[in-house]
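Encoded as structure tokens, the structure appears first; notes follow it.
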Amino acid sequence: MALALQWQLQLPLPLQARPPAVAAAHWRQLRLLSPVRRVPPLRARCCAGDAAAADAGKAQAAARRAYPYDEIEPRWQRHWEEHRTFRTTDIGEGLDTSKPKCYILDMFPYPSGAGLHVGHPLGYTATDILSRFKRMKGFNVLHPMGWDAFGLPAEQYAIETGTHPKITTERNIERFRTQLKSLGFSYDWDREISTTEPAYYKWTQWIFLQLLKRGLAYQAEVPVNWCPALGTVLANEEVVDGVSERGGYPVIRKPMRQWMLRITSYADRLLEDLNDLDWPESIKEMQRNWIGRSKGAELVFSAVDKEGHDLGATLLVYTTRPDTIFGATYLVVAPEHVLLPSLTSEEQRAHVEEYRELAARKSELERTDLQKEKTGVFSGSYAKNPATGEIIPIWVADYVLGSYGTGAIMAVPAHDSRDHEFAVKYELPIIKVVSPPNGSCDPAEAYADDGIMINSSSTSSGLDINGMLSQDAAKKVIAWVESNGFGKKKVNYKLRDWLFARQRYWGEPFPVSYLDDTNEMVPLSEDELPLTLPELDDFTPTGTGEPPLTKATNWVRTIDPLSGKPARRETSTMPQWAGSCWYYLRFMDPKNSSVLVDKAKERYWGPVDIYVGGAEHSVLHLLYARFWHKVLYDMGVVSTKEPFKCLINQGLILGEVEYTAYRDSEGRWVSADSDSSLIDCYQKKVPADKVWSGTCIHYSFGVIKGQSLIVVCFNFCKVTKVGDHYVLRDDPNVRLNARAYKMSKSRGNVINPDDVVSEYGADSLRLYEMFMGPLRDSKTWSTGGIEGVHRFLGRTWRLIVGSPLPNGSYNDGTITTEDEPTLDQLRVLHKCIAKVTEEINETRFNTAISAMMEFVNAAYKWETQPKSVTESFVLLLSPFAPHLAEELWFRLGHLQSLAYEQFPEAKSEYLEESKLVLPVQINGKTRGTILVDKSCSEDDVFQIAASDEKLSKYLAGKGIRKRIYVPGRILNVILDQQKAKT
């Protein structure tokens with residue numbers, strides 16, 4: 001009986017109807033394709049149909065599985081959870097502290113509502129492999145997981161949906177936890193923490209009080225990035241092109257009283273201690289640049305009017321090139337400079353105010369972008385150059401920041417590219433004062449390097465540095481300004497004090513209050529911690545700059561316990577960085593309510609041995625955590641100077657390659673390498689070969705001669721590769737643009753790991769992400785790639801368990817034997833052990849997997865599978881594919897988990913090759929090679945050479961005058977010349 005089925009296929013491109021002949025051709029192609037399950041982006045949904053047919057489909061899918069991962073993985077995940085397999089014993093509970101320790105940590109994840117995508121497990125899988133490996137090598141391993149759950153995204157989502165951020169945060173954490181557990185990661189879930197729990201942020205508040213006691217926390221009026229729509233202050237990195245990174249809301253610069261942390265007090269130590277860290281050099285260099293230590297001088301310029309009359313004000317400028325003072329032809333002050341209002345003339349005031357308003361809408365990153373066009377406005381005032389006595393103008397420009405140096409610079413356009421660009425645009429004087437050592441440079445550009453001083457003397461000031469080298473001239477200028485009261489030597493930093501307050505609800509409350517009568521700030525007593533967040537129904541921004549916590553009037557109003565006076569609580573909250581600055585310490589002692597961390601536990605577990613995360617955290621998180629750690633070190637809370645010993649940055653996993661074609665206004669294809677402009681063309685995504693495209697426009701289901709038949713018409717638009725580029729298969733002259741993009745919901749290229757686990761299993765996902773390439777490199781996701789490693793795991797399963805029965809199930813146990821392994825089998829095994837061990841230690845997981853694949857290929861050629869060899873291989877595989885390995889280990893007769901079994905050791909006697917390739921010469925000329933045992937005698941070697949098909953023609957029937965044999969190196973046969981064959 002014909003059955004009517006309806007299928008909805010969610011595919012990217014529209015289709016045109018196809019005639020029956022084309023439909024049939026497409027169906028033939030469709031039958032050659034892999035099943036739907038192998039194309040995760042494709043979603044097929046049966047809207048109506050026969051239950052029996054659906055059951056038959058399930059049976060066919062089961063038969064197609066490489067191995068029964070859907071039964072194995074849940075079983076072992078339950079086992080690990082029920083037996084708390086990966087719980088780390090605490091000090092005082094029997095932990096053997098004589099054993100070496102290894103603290104392996106993932107960077108604190110933020111539990112977003114979107115859950116994980118396949119890029120997230122990359123680093124988590126790497127740390128899990130290392131953790132499992134270290135346990136099996138006899139280490140005490142600390143491998144915890146927790147949640148950096150405070151922050152703006154949760155609050156903004158709560159505002160948009162009307163759901164309290166606590167509820168959404170808990171829901172998101174539950175989803176993340178479920179996803180991570182489904183991947184078989186060996187976290188000690190007993191140590192799970194969240195920054196939003198009062199028991200945790202009690203100690204975040206405690207650290208703040210210690211900073212306050214030491215003068216490292218203070219309040220100041222500072223210009224900030226204020227976003228009215230979000231109702232909070234944003235960090236520079238959270239502002240892009242004048243709008244908030246999240247939501248795209250306008251951002252302005254405005255002065256606000258804020259909490260600051262004096263991170264600059266630790267600038268030198270933060271810089272110097274980088275040298276001792278096992279971190280990527282690029283990350284250390286980024287931190288050095290962020291700290292930005294520079295040596296130079298602070299110079300004093302007197303403000304004057306156009307005629308040179310003193311205005312009674314002085315401008316302090318910082319320069320790293322005091323040697324170029326004779327080339328300073330104008331000064332530049334930042335738009336937010338405190339003296340700017342008094343320096344602005346009445347004629348220029350309107351222009352200056354307008355410019356300041358424009359600058360207030362830009363972030364510091366935008367203002368300092370070297371590529372952007374320089375802008376500015378004349379202040380109407382002047383200054384006197386102390387070295388030349390010249391009157392030079394004072395300009396306002398946003399490429400100078402009020403937060404760096406003194407907020408004012410002396411501009412030397414001949415020797416600074418920014419100053420040069422500005423001077424050319426506004427027709428300001430350019431005076432060359434440094435000549436290159438070779439005497440040649442481009443006069444149209446600024447020469448910024450050292451050289452020999454020229455045009456640098458003044459009889460009025462008495463300063464003469466002509467002919468001196470730049471470095472010597474700088475020293476002389478500094479000595480001159482110091483002796484004449486015009487300035488002093490100065491070390492400066494780009495690093496600014498850390499703005500530590502946000503005008504939002506979802507964050508840690510500050511443990512301080514203010515007395516009503518005097519406005520005096522009073523810290524909360526430590527025994528009153530934690531100061532918990534009040535429950536608020538309305539946590540939307542006030543729109544006035546006042547934080548949402550001001551709405552919690554009963555919470556805000558309080559009584560100071562020491563004086564008994566009425567007071568009000570601080571209503572700003574701490575930034576998201578606060579909780580993630582010290583979480584690695586809490587993992588060592590997560591349940592301690594008396595101290596932040598027990599000293600004995602910290603001394604044993606600290607510092608973090610391996611810290612894995614994205615390079616996007618290379619500056620702020622790592623720098624802030626290092627700062628707090630050093631403060632705690634000075635307090636005696638921690639015993640190490642640095643928190644993270646070794647840092648590893650994993651690369652990105654990009655979405656699958658997208659192919660873009662171009663059509664002109666008349667619908668004709670335009671090649672991507674065409675000389676004509678592609679701007680006026682419209683883009684069209686083209687699916688790659690063997691990827692379904694379009695939407696189903698016709699289907700039928702029926703029974704023909706007893707066979708079920710589905711006919712589905714698709715528009716197959718295909719891509720093929722020619723050389724190093726991609727073209728349309730139907731028209732190779734049309735080149736396509738091929739590119740992989742970062743995964744994002746907006747592009748629709750996000751791959752959900754839940755789907756991959758469902759289709760291939762968690763072990764396949766883990767193995768594929770490690771096999772894609774080096775851990776630190778960015779890689780492109782490919783569905784075809786995961787199919788390959790899935791097949792490898794299936795081959796491993798069948799190698800040990802055997803082929804499936806007719807019903808798709810497998811016999812119990814394995815097909816291994818109790819035979820003693822042969823010498824060749826032992827050599828193959830120990831070669832694999834040595835390679836996998838080395839590659840895990842060097843985090844080259846992809847090549848470790850390759851070594852295991854080579855082993856399986858070799859093992860399939862053996863007549864028997866010795867149990868002892870198989871057991872060793874299963875242990876090698878276990879850090880990478882733990883579910884499969886546990887199942888195989890159990891089938892091999894072991895009742896306990898393999899998590900703490902000893903990792904196999906390679907034995908040197910099996911690593912040496914027993915055979916070698918020996919060159920053979922006839923009369924001193926190499927004629928070929930032979931394969932011989934290392935222990936072969938000279939006679940045996942000669943017999944092998946004489947029987948070799950290629951060499952025998954030179955030796956057969958010939959007289960041998962002499963044989964020269966160097967064992968392991970060469971055999972040279974000297975023939976009787978009268979009988980030698982030429």
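Along the sequence shown, residues carry numbers from 1.
Listed here is the closest heavy atom pair of Met410 and Leu331: CA-CD2, 3.5 Å. Across Thr573 and Tyr505, no two heavy atoms sit closer than the pair CG2-O, 3.7 Å. Taking each heavy atom of Thr344 and Ser381 in turn, the nearest pair found is N-OG, 4.4 Å. Contact between Asp450 and Val434 at its shortest, heavy atoms only, is C-CG1, 4.0 Å. Between Pro437 and Gly451, the closest heavy-atom pair is CD-CA, 4.1 Å. When all heavy atoms are compared, the tightest approach of Val332 to Ala397 is CG1-CB, 3.5 Å.
Without hydrogens or angle criteria, Asn385 side chain to Gly389 main chain gives no donor-acceptor distance under 3.5 Å. Between the Asn484 side chain and the Phe486 main chain, no donor and acceptor come within less than 3.5 Å of each other. Remark: the backbone N or O of Gln683 is not paired with any side-chain donor or acceptor of Thr660 at under 3.5 angstrom. Side-chain atoms of Glu336 come within 3.5 Å of backbone atoms of Gly402 as a donor-acceptor pair (strictly under, hydrogens ignored). Panel note: side chain Asp305, backbone Gly308; a donor-acceptor pair is recorded below 3.5 Å. For the pair Arg356 (side chain) and Pro335 (backbone), a donor-acceptor distance under 3.5 Å is present. Between the side chain of Ser244 and the backbone N or O of Tyr249 there is at least one donor-acceptor pair closer than 3.5 Å.
With a 6.0 Å radius and a threshold of 12 heavy atoms from other residues, nucleotides or ligands, Glu160 has its CD atom above the threshold. When the shell of 6.0 Å around NZ of Lys295 is examined, it contains 12 or fewer heavy atoms from other residues, nucleotides or ligands. Within 6.0 Å of CD in Glu281 there are more than 12 heavy atoms belonging to other residues, nucleotides or ligands. At most 12 heavy atoms of other shown residues, nucleotides or ligands fall within 6.0 angstrom of atom NZ in Lys494. Residue Tyr110 qualifies as enclosed at atom OH: its count of foreign heavy atoms under 6.0 Å is above 12. The neighbour count for Gln219 CD, taken as heavy atoms of other residues, nucleotides or ligands under 6.0 Å away, is above 12.
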For a quick test of your reading: what N or O donor-acceptor pairs under 3.5 Å do the side chains of residues 473-482 make, sequence neighbours left out?
residue: Lys476; atom: NZ; partner: Asp464; partner atom: O; Å: 2.8
residue: Trp480; atom: NE1; partner: Ser461; partner atom: O; Å: 3.4
residue: Glu482; atom: OE2; partner: Lys489; partner atom: N; Å: 2.9

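Residues Ile465 and Phe326 form a side-chain contact, since some pair of their non-hydrogen atoms from C-beta on lies under 4.5 Å apart. Within the 4.5 Å cutoff, the side chain of Leu274 has no heavy atoms near those of the Glu285 side chain. Contact annotation: the side chain of Leu261 never approaches that of Asp497 to less than 4.5 Å [non-hydrogen atoms, C-beta and beyond]. In this structure, Tyr741 and Leu654 have side chains that are not in contact, with every pair of non-hydrogen atoms separated by 4.5 Å or more. Inter-residue side-chain proximity for Tyr330 and Pro413 is flagged as met; some heavy-atom pair is nearer than 4.5 Å. Put simply, the side chain of Leu647 reaches to within 4.5 Å of the side chain of Ile283, judged on heavy atoms. Using a 4.5 Å cut-off on side-chain heavy atoms (C-beta onward), Leu299 and Leu315 make no contact. Two residues are said to be in side-chain contact when any heavy atoms from C-beta on lie closer than 4.5 Å; Val396 and Tyr355 meet this criterion.
Residues satisfying the side-chain hydrogen bond (donor to acceptor under 3.5 Å, both in side chains) test with Lys742, not counting sequence neighbours, are none.
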Take Leu623 and Ile291, measure what side chain to side chain contact (heavy atoms under 4.5 Å, CB included) needs, and give me the verdict at the end. CA-CA 9 Å; Leu623 198 63; Ile291 296 169; 4.2 Å; yes
How far apart are the C-alpha atoms of Leu622 and Phe644, what are their side-chain angles, what is the distance that settles it, and do they pass the side chain to side chain contact (heavy atoms under 4.5 Å, CB included) test? CA-CA 9 Å; Leu622 291 172; Phe644 313 117; 4.0 Å; yes
Let's go through Tyr266 and Asp634 carefully: what are the C-alpha distance in whole Å and the side-chain angles of both, what is the deciding distance for side-chain hydrogen bond (donor to acceptor under 3.5 Å, both in side chains) to 0.1 Å, and is it a yes or a no? CA-CA 11 Å; Tyr266 281 74; Asp634 291 346; 2.7 Å; yes
Is there a side chain to side chain contact (heavy atoms under 4.5 Å, CB included) between Thr195 and Thr204? Walk through the geometry before answering. CA-CA 9 Å; Thr195 56; Thr204 307; over 6 Å; no
So Trp628 and Leu216, side chain to side chain contact (heavy atoms under 4.5 Å, CB included) or not? Walk me through it. CA-CA 10 Å; Trp628 277 31; Leu216 296 171; over 6 Å; no
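Side-chain atoms of Ser294 and Asn492 form no donor-acceptor pair, as typed in the model, at a separation below 3.5 Å. The closest side-chain donor-acceptor pair between Trp226 and Gln503, if any, does not fall under 3.5 angstrom. Arg626 and Gln287 share a donor-acceptor pair across their side chains, judged by distance under 3.5 Å alone. Donor-acceptor pairing under 3.5 Å is lacking for the side chains of Tyr447 and Asp416. Side chain to side chain, Tyr399 and Asp419 meet the donor-acceptor criterion of an N or O pair below 3.5 Å.
Aromatic pair Phe208/Trp259: centroids less than 6.0 angstrom apart. Checked against the 6.0 Å centroid threshold, Trp395 and Phe422 count as a close aromatic pair. Residues Phe150 and Trp506 place their aromatic rings such that the two centres sit under 6.0 Å apart.
Interatomic distance, SG of Cys581 versus OH of Tyr624, reported as 8.5 Å (0.5 Å rounding). One distance of note links CZ of Arg288 with CG of Leu270; it measures 12.5 Å at 0.5 Å rounding. Note: Ile394 CD1 to Phe378 CZ = 8.0 Å, rounded to the nearest 0.5 Å.
Here Arg269 does not pair with Glu272 in a salt bridge; the nearest charged N to carboxylate O distance is not below 4.0 Å. In this structure, Glu421 does not pair ionically with Arg418, as no charged nitrogen and carboxylate oxygen lie closer than 4.0 Å. In this structure, Asp273 pairs ionically with Lys630, as a charged nitrogen and a carboxylate oxygen lie closer than 4.0 Å. Salt-bridge check for Lys254 with Glu221: failed, with every basic side-chain N at 4.0 Å or more from each acidic carboxylate O.
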